[in-house]
Amino acid sequence: MECKTIADRAWGTITDGRHQIYRCYAASDEAKSPQVRAARHWNFELLRRETEYEMFKRIQVSLPKKADIIRIHVSGDFFNQKYFNAWARIARLNPNRLFYAYTKSLRYWIDYNPYMVPKNLKLTASWDHSNHLLIRQHKLKFAKVVFTEEEAKILDLEIDHDDSHAYKGDKSFALLLHGTQPKGTMAAKAKNKLITTGVKHSYGRRRTQRTERIR
């Protein structure tokens, strides 16, 4: 995968993937913060052994009380069909709230049936070379990370600077490169250029909330 990056659970040491083109923003975040790593692993360990209904109940009581727009993951993804189904059930039970997620777990989305996903659960496929055929075959909304504004123009994709494209509408979009990149790589050079030219990077999340700790 183009952004496969792992932060060691104990020490936060970064391991970059063999075919990595740019470093995962979430893994860089975890490398800096033991508290963030602990919370995310806690969530996964709690949920992965549970039934679909148990996951649904646990997530429901952990939702932010006053949030109208909720991002499902900052790190991680839908890890099995039961977990995906639990979130779909959450969205259906909370019709006045908007949920959204980026995902590479396209099979769970497709097997659920994209046309049956609740309208208030907005899903965006994270584009890379491992899944682009599925995205095209099933006409899924996607987001592609680009290194420059010019690249987005060539691809005819609008750049999302604040996650609004993810939770509004069904049009695919671009995200500018973000997060810490490995020194000496094309990604690092591109990120430095974005900074020096004053280009606003993507991934603002001021209007949304998320659950970092599941109870």
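Just so you know, these numbers come straight off a predicted model, no measurement behind them. Below, each value reflects all heavy atoms present in this structure, side chains not excepted, and no hydrogens, waters or symmetry copies.
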If I compare all heavy atoms of [X] with all of [Y], which pair ends up nearest, and what's the gap?
X: Leu177; Y: Ala190; answer: CD2-CB, 4.0 Å
X: Ala187; Y: Gln181; answer: CB-OE1, 3.5 Å
X: Val36; Y: Glu30; answer: CG1-CG, 4.0 Å
X: Ala166; Y: Lys122; answer: O-CB, 3.5 Å
X: Ile110; Y: Pro114; answer: O-CD, 3.7 Å
X: Pro118; Y: Ala88; answer: CG-O, 3.4 Å

What I'd like to find out is whether the side chain of [X] reaches to under 4.5 Å of the side chain of [Y], using heavy atoms alone.
X: Phe56; Y: Leu93; value: yes
X: Tyr100; Y: Ile72; value: no
X: Leu175; Y: Val146; value: no
X: Leu47; Y: Glu54; value: no
X: Ile70; Y: Leu98; value: no
X: Thr51; Y: Met55; value: no
X: Leu155; Y: Lys144; value: yes
X: Lys32; Y: Thr180; value: yes

I'd like to know if [Y] and [X] are part of one continuous hydrophobic network [Ile/Leu/Val/Met/Phe/Trp/Tyr, side-chain heavy atoms within less than 4.5 Å].
X: Tyr112; Y: Tyr53; answer: yes
X: Phe44; Y: Trp87; answer: yes
X: Ile14; Y: Ile21; answer: no
X: Met116; Y: Phe99; answer: yes

Q | side-chain hydrogen bond (donor to acceptor under 3.5 Å, both in side chains) partner of His165, chosen from Lys171, Lys141, Glu158 | A | Glu158
Q.
Against Asn85, only a single residue in Arg89, Lys82, Gln81 fulfils side-chain hydrogen bond (donor to acceptor under 3.5 Å, both in side chains); can you say which?
A. Gln81
Checking the side chain of [X] only, and the main-chain atoms of [Y] only, is there a donor and an acceptor separated by less than 3.5 Å?
X: His178; Y: Leu176; value: yes
X: Arg97; Y: Ala67; value: yes
X: Ser105; Y: Tyr108; value: no
X: Thr185; Y: Pro182; value: yes
X: Arg37; Y: Ala10; value: yes

Q: For Asn113, look at atom CG and say whether over 12 heavy atoms of other residues, nucleotides or ligands are found less than 6.0 Å away.
A: yes
Q) More than 12 non-hydrogen atoms from neighbouring residues, nucleotides or ligands closer than 6.0 Å to CZ on Arg48, yes or no? A) yes
(Q) Just to verify, which of Leu106, Asn131, Leu157, Leu134 counts as forming a side-chain contact (heavy atoms from CB on, under 4.5 Å) with Phe142? (A) Leu157
Which distance, rounded to the nearest 0.5 Å, do you find between the [atom1] of [X] and the [atom2] of [Y]?
X: His73; Y: Arg71; atom1: NE2; atom2: CZ; value: 9.5 Å
X: Glu151; Y: Ile159; atom1: CD; atom2: CD1; value: 9.0 Å
X: Phe78; Y: Leu123; atom1: CZ; atom2: CG; value: 5.5 Å
X: Leu194; Y: Thr148; atom1: CG; atom2: OG1; value: 8.0 Å
X: Asn80; Y: Glu52; atom1: CG; atom2: CD; value: 9.0 Å
X: Asp156; Y: Ser172; atom1: CG; atom2: OG; value: 10.5 Å

Q.
Angle between ring planes, Tyr83 versus Phe79, binned at 30° and 60°: parallel, tilted or perpendicular?
A. parallel
Q. Just checking, any donor-acceptor pair under 3.5 angstrom between side chains of Asp163 and Tyr102?
A. yes
Q. Can Gln60 and Asn94 be said to form a side-chain hydrogen bond (donor to acceptor under 3.5 Å, both in side chains), step by step?
A. CA-CA 9 Å; Gln60 176 63 30; Asn94 297 269; 3.0 Å; yes
